[in-house]
Structures are given as C-alpha cells and as structure tokens.
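Here's the structure, in structure tokens; my notes come after.
Along the sequence shown, residues carry numbers from 1.
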Amino acid sequence: MKIKHIEINNWRSIVNTGIEFNELMIFIGQNNHGKSNILSAILFFFGEIGLQDLDFNQGNSELWIEVEFDELTDSERVTFQKYVTASNTIKVRKTATKGGAFSYHGYLEEPEEEWLKESKASEYTSREKAKELPLYDLLPESGRLTKEVFITAQKQYIDAHIGNISFSYTLESSNFLGVKNVAKGSLGDVFFIPSIKKAADELSPKGNSLFGQLYSRVISKIAETDENYKEAKRQIRELSKVLNKTTEDEQPNPNRPQELSMLENLLDDELKSWNSKIDIQIEPPNVDEIFKLGASVWIDDGVRTDIDRKGHGLQRALIFALIRAWTKMLKEEDKVGSSEDTTVVTGRKGSKSAYFIFEEPELFLHPQAQKELFDSLVTLSKEESQIILCTHSSSFISLDYYRSICIVKKNDLPTGTKVLQCTEELFADGEQHKNFNLSYWINPERGELFFAKKVILVEGPTDKSVIPLLARKLGVFKYDFTLIDCGGKDNIPQYVKLLNGFKISYTCVYDKDHQEHKTKGDKDSADRKSKLIEDCVDPALGGSVVLVNDIEEEIGLRGKSSKNKAFVAIDHVASDEFIIEETLSEKIKIIYS
C-alpha cells in the first residue's frame, strides 16, 4: 500500500496542512519554514520517533497526524478488513495529548442505516426485530441469532447492494486493530536517512540497520538451503546436549565431560553451608546471531579500511547502495513468495510496504552524482517503494514530476507551515507537453525556479544574458530572482501555468515582434502569441514587460549581425560607452521589483 494523503494538525510549526502524496515526494523551501517538521510528523506517525511537549504547536494540548493509504494488496485488505473503504483505502489517525499518551484510531465506513452498522448488530439479535429487516432472508432459518451471525448477514447484504447504500465515514472510538501502538510493524517499514548520518551505523550487522536487515535475510536464506550450514547447526545442538548434566528425558548424561562435573562439585563444596548446589545448563546458541556478531564490513577503494576512514561522499553513496540493494531483495522475495511476514496481531500480517525518507540527499555529492542519485530514487519509487525527500538542490527537481513537488512556506506564526502543490494537469494536449519538455532539455537549470523568490520568464538566451547585466549596472540585481530561458515565446504560457499552480511570483518578458521588415501576417501572429501570454497571467502573482520588438532594439543593436547574438549583445552592454535609455531602465527596474 502507498500513502495517498496526509493531514497534520498542531505538530511543531504546522497548525494544519494537508498533503496529496505520490510515489515520489519532493519537499523544498527556505530554511526554517517547516520541511523537517513535515518529515518528523511522518516519522512520529509510524512510531519512529517519540514525543515531547515542545512538539505541540503554540500552547495546544492535543495534536494529531492522519494518513490515508491506497493501493492495498489482498493481504492488506484482509489485515485491515474492518477499515477498508469501497475505494480500497484506509485512513488512520494518531492522536497525542500533552503530558499524556498517544493512540491510533481508524476511520470506519459505515452505512447510514442503523440496522446495517456493525456496532448496532447486538440490537437486532431477536427474531421479532430481524423479521422487519430487508436482510432477514440472509439469516439462518432456525437457531439463536448471535451478534456474529447478524454481522455476517450485514456484510452479505452490503456486498450485494453496495451501489444503493449511503455511507458515512467516522473515526472509531476504540484503538486501531484493537492494539494501542499498532503502526510500527503493521503499516510498513520506514527508513529515515537524515542529512548527517554515519555510514558505519547502517553497516552494523546487528540491530535494525539497513545492512543488518539485508544480512539477516541472507543468513536466513543460507540456513534454509545450505546443507553445510544445517549440519553445523545440528552439531552445535548435539554438542550442547552432551555438555548438560541430564539428557532430554531427565536421565543422567553418561557422555558429559568430566571437567564440567568437577567444576560443579568444587562449587557445591563451597556452598554446603548454604544447602545449595550448582547446575551448569548449556543452551544451544543461536547460530544466526553468532554469524552476525562475527561479521564486519571492509571497503576497498584501493586501500582496504572500514567505512569511517573513507570520505563523506563514499559513505553517503554506500548508504544509498544499501537502500537500492534492500529494495531489490524485497522485490525478489515477493517474486518467489519466500519473505517472512511480520505478525502484529494473531492472524494478521503486517504490510510489506517500504517508505524511504531522505533529508538533503545531495550532501557530500558532486552535481553529477546528485543527478544520478535522483534517477535512482525515481526508479526506486516505481518499484513498490515510496520515496519522500526534502532538498535544497535543483538536481532533485524534475518538471516531469511536477505533481511530486511541494513548496513549503511559513508566512507567519498564526498560519504556520503550509504546503503548495500543483495536482492539476498543466498541459491541454500531448504536443504542449512535448514542447515544454524539449525546452527543459535546452535549459537544464529549469528546476531552480522552484527555489526562487521570483521568476523572470524570457524568450531566449540573449534576453537571459543581457537583462541581469543591465540590472547589475542599475544596482537592482537580486540573486533570489531566477531567469528562465523558455526556449521561445510559444512556451511562456506553459511556464506561467506552472508558476500559477505553485503560487510563485513572476514577470513575463517578451518581444512585441513588430519589426519594420515583418508582414502584417507576422505581426498578427505575434499579437496572438502575446495575447496567449497575457491571458495566462494571474495579476495576483505576476505581470509582464513588453520589449519594443526585441532586446537588441532596446539596447541599440537594431540591424546588426544576427550571428552570435547573445555574445554581441553582452559585449555591447558591457562596454564603458554603453548608456541605458530611460525607457529600458524603467523596464529593468520593473522586472526586478
């Protein structure tokens, strides 16, 4: 199963916010706006971290995190049968009170008719009442009507008339699955990789480390299939029996080594005054644990050492390699059906879902390695795992996955942290999508727009090169304003739609394209393109600045060579003789306002 939606209430800087989830989730935003608080809320829900009074938002005494899951497997539908909706989802809330405890409660999809509610079943166990109900034919003709019998009939009736029954969705008062702390181990496995984490911690063969879990699975496989391993375990068990004073049927053990008996006798003599005796009992050791305790991992990159003596980049890469290996192993186990089930409550099996949470995965990685890692995480998200990350790097931003991008903002304390998403379809047809993607390949820095305070959309490379240079000359240049070369006037509306969707401020800078040599048809076409841009602009978020024909004409290069336009324009503007016309100066100031 996968996370479909999360709602967080009164957790740290978050007053209340809801987030739609995809297989891949990318949280970005300025420092101290709440990205880490969103991750920690998820970790708290899954039981990975504890709770402190400081986790409650601004004096509140109660908080809760609510998670809706979809894409349930057959096994998960059985485990969570009571909570599964008609659309194959379940929703669970974790509530905590300050200074108190926490609890999990599921949402129940109940029919609005009282006689169809499972909670009311005990009220209809008399034949006299049951005869008046439409489900009476589903009850046994004779015998006592128990609550369980009536509930079975309710389920049969609901299944047969699902389309004609009205349902209400309410939070149960009892504990989810009847167990207080059920999330950890039943709703899937969570792996959290913080921004600073020692690779040695994840390479430990003991405990719940990534390598430990991988290694345990390998040892379990060996124990099942390797005859030498099986024989070694048998011999160890037999040796343990030989060392004990009595046999399994409580008879004296004639084969026991004399040295052990001598040690017991010596100690017995010393304890005579206490009327006490010593019995040294040998329990067969867990061979699997022996192999864990004796395991160590060495890294050979030309020099064989432990991981602590390697650079941070290699340490980080190794953690990600463990994650990829983990998911591949889970995938193989699912294929052969040999993975072990996590039993949470008798008769119920825990979910095998995996959720990987990364905090600033770009740390210690060079740009190319960041891009490679992002591709790996995208692949991982398509292989039954859900990936959640927060980042400050545009290498982890792809407009192919714009629905996965969440901009985290905190405008003021009373409102708290909010998440901006764009879940609607931005492209009217496939051709628009294709052209949009092509423009991104031309401009690989496109992901920067999500980190900008304001975005300046321009037609091409000459505008992108000259406008910042003019802004520097005028002293109005700002580093947190990002210029995007849209690859032509036709693509600007698509960028505007994207920025509108994420509520990012912008200015569109485009050419009027009414040069003297152009025909009336050319000018009409240019006007139609300009209108498309203006029709998309949301005045609450952006505006436009129209250049007289083009940037070359604005800086006094009309009629000059069209070769190397960007270089010629930069060289012209950078010269000491260049003077910015007042009209152009005002446009640049508007662009950078």
Side-chain angles (χ1 to χ4, degrees), residues 3-46 48-49 54-58 60 63-68 190 192-196 355-363 370 374 377 381 386-399 401-424 446-455 479-482 498-506 540-541:
I3 298 173
K4 179 184 180 184
H5 181 87
I6 285 183
E7 188 166 352
I8 305 169
N9 191 76
N10 286 332
W11 176 265
R12 299 186 182 177
S13 67
I14 303 167
V15 177
N16 182 269
T17 194
I19 309 166
E20 297 295 326
F21 266 64
N22 295 287
E23 287 83 0
L24 173 68
M25 294 299 293
I26 307 164
F27 291 94
I28 63 174
Q30 298 179 25
N31 291 327
N32 199 36
H33 275 236
K35 298 187 300 297
S36 296
N37 291 342
I38 291 171
L39 300 190
S40 64
I42 298 170
L43 292 171
F44 173 66
F45 175 85
F46 281 101
E48 296 295 319
I49 61 173
L54 292 174
D55 293 323
F56 292 80
N57 176 267
Q58 298 188 61
N60 285 283
L63 63 81
W64 50 262
I65 293 97
E66 199 168 85
V67 181
E68 184 178 8
V190 175
F192 176 49
I193 298 86
S195 55
I196 304 296
Y355 312 96
F356 292 95
I357 303 176
F358 298 86
E359 186 178 45
E360 300 182 50
E362 68 269 18
L363 287 187
Q370 291 181 27
F374 178 69
L377 295 180
S381 71
Q386 207 158 7
I387 305 298
I388 304 164
L389 61 91
C390 72
T391 180
H392 293 105
S393 171
S394 59
S395 295
F396 289 85
I397 301 294
S398 171
L399 267 293
Y401 304 99
Y402 67 86
R403 285 190 176 95
S404 297
I405 298 169
C406 300
I407 301 177
V408 182
K409 286 190 175 183
K410 184 177 66 177
N411 293 326
D412 54 65
L413 290 176
T415 305
T417 295
K418 292 291 183 183
V419 174
L420 300 177
Q421 295 178 270
C422 181
T423 56
E424 64 187 61
R446 61 199 179 274
E448 290 181 16
L449 66 86
F450 289 99
F451 299 90
K453 186 175 182 181
K454 179 180 176 181
V455 176
Y479 283 101
D480 51 5
F481 284 27
T482 293
L498 179 71
L499 296 170
N500 286 340
F502 284 96
K503 304 290 189 294
I504 300 173
S505 298
Y506 57 89
L541 295 170

Whether over 12 other heavy atoms sit under 6.0 Å from Asn32 CG: no
Residues forming a side chain to side chain contact (heavy atoms under 4.5 Å, CB included) with Gln58, sequence neighbours excluded: Leu413
Closest non-hydrogen atom pair between Ser393 and Thr391, with its separation: N-OG1, 2.9 Å
From Asn10 atom CG to Asn57 atom CG, the distance as rounded to the nearest 0.5 Å: 5.0 Å
CG-NZ distance between Asn411 and Lys418, expressed to the nearest 0.5 angstrom: 10.5 Å
Evaluation steps, side-chain contact (heavy atoms from CB on, under 4.5 Å), between Arg12 and Ser40: CA-CA 9 Å; Arg12 299 186 182 177; Ser40 64; 3.1 Å; yes
Partner set under ring-ring contact (aromatic ring centres under 6.0 Å, His included) for Phe44, not counting sequence neighbours: Trp11
For Glu7, all residues meeting side-chain hydrogen bond (donor to acceptor under 3.5 Å, both in side chains), sequence neighbours excluded: Asn16
Partner set under ring-ring contact (aromatic ring centres under 6.0 Å, His included) for Phe451, not counting sequence neighbours: none
For Asn37 against Ser13, the heavy-atom pair lying closest together: ND2-OG, 2.8 Å
Distance, nearest 0.5 Å, that separates CG of Leu541 from CD1 of Ile504: 9.0 Å
From CD1 (Ile65) to CG (Leu63), nearest 0.5 Å: 5.5 Å
With Asn500 via side-chain hydrogen bond (donor to acceptor under 3.5 Å, both in side chains) - residues at least two apart: Tyr506
Residue list, ring-ring contact (aromatic ring centres under 6.0 Å, His included) with Phe450, at least two apart or on another chain: Phe502
pair Ile357-Ile193: side-chain heavy atoms closer than 4.5 Å: no
Exam field: side chain Lys35 to backbone Val408, donor-acceptor pair closer than 3.5 Å: no
Partners meeting side chain to side chain contact (heavy atoms under 4.5 Å, CB included) with Gln421 (sequence neighbours left out): Ile19, Glu20, Met25, Cys406, Val419, Thr423
Smallest separation among heavy atoms of Cys390 and Pro361, with atom names: O-CD, 3.4 Å
Of all pairs that satisfy salt bridge (Lys or Arg N to Asp or Glu O under 4.0 Å), the ones with a partner from residues 401-411, not counting sequence neighbours: Arg403-Glu425
Taking every non-hydrogen atom, the tightest pair across Thr17 and Thr417: CB-O, 3.9 Å
Any residue meeting side-chain hydrogen bond (donor to acceptor under 3.5 Å, both in side chains) with Gln30, in chain and number order, not counting sequence neighbours: none
Close side-chain approach of Phe21 to Gln386, heavy-atom, < 4.5 Å: yes
Any Val67 side-chain heavy atom under 4.5 Å of Ile42 side chain: no
Main-chain N/O of Glu359 paired to Ser195 side chain as donor or acceptor, under 3.5 Å: no
Which residues share a side chain to side chain contact (heavy atoms under 4.5 Å, CB included) with Ser505, sequence neighbours left out: Lys454
Pairwise distance OG(Ser381) to CD1(Ile388) - rounded to 0.5 angstrom: 11.5 Å
Side chains of Ile6 and Ile8 in contact at under 4.5 Å (non-hydrogen atoms): yes
Polar side chain donor-acceptor pair, Ser394 to Glu448, under 3.5 angstrom: no
Test side-chain hydrogen bond (donor to acceptor under 3.5 Å, both in side chains) applied to Asn31 - qualifying residues, sequence neighbours left out: His392
Worked verdict on Tyr401 versus Asn22 for side-chain contact (heavy atoms from CB on, under 4.5 Å): CA-CA 9 Å; Tyr401 304 99; Asn22 295 287; over 6 Å; no
ring-ring contact (aromatic ring centres under 6.0 Å, His included) against Phe358, all qualifying residues, sequence neighbours excluded: Phe320
Rounded distance (nearest 0.5 Å) linking atom CZ of Phe374 with atom CG of Leu389: 7.5 Å
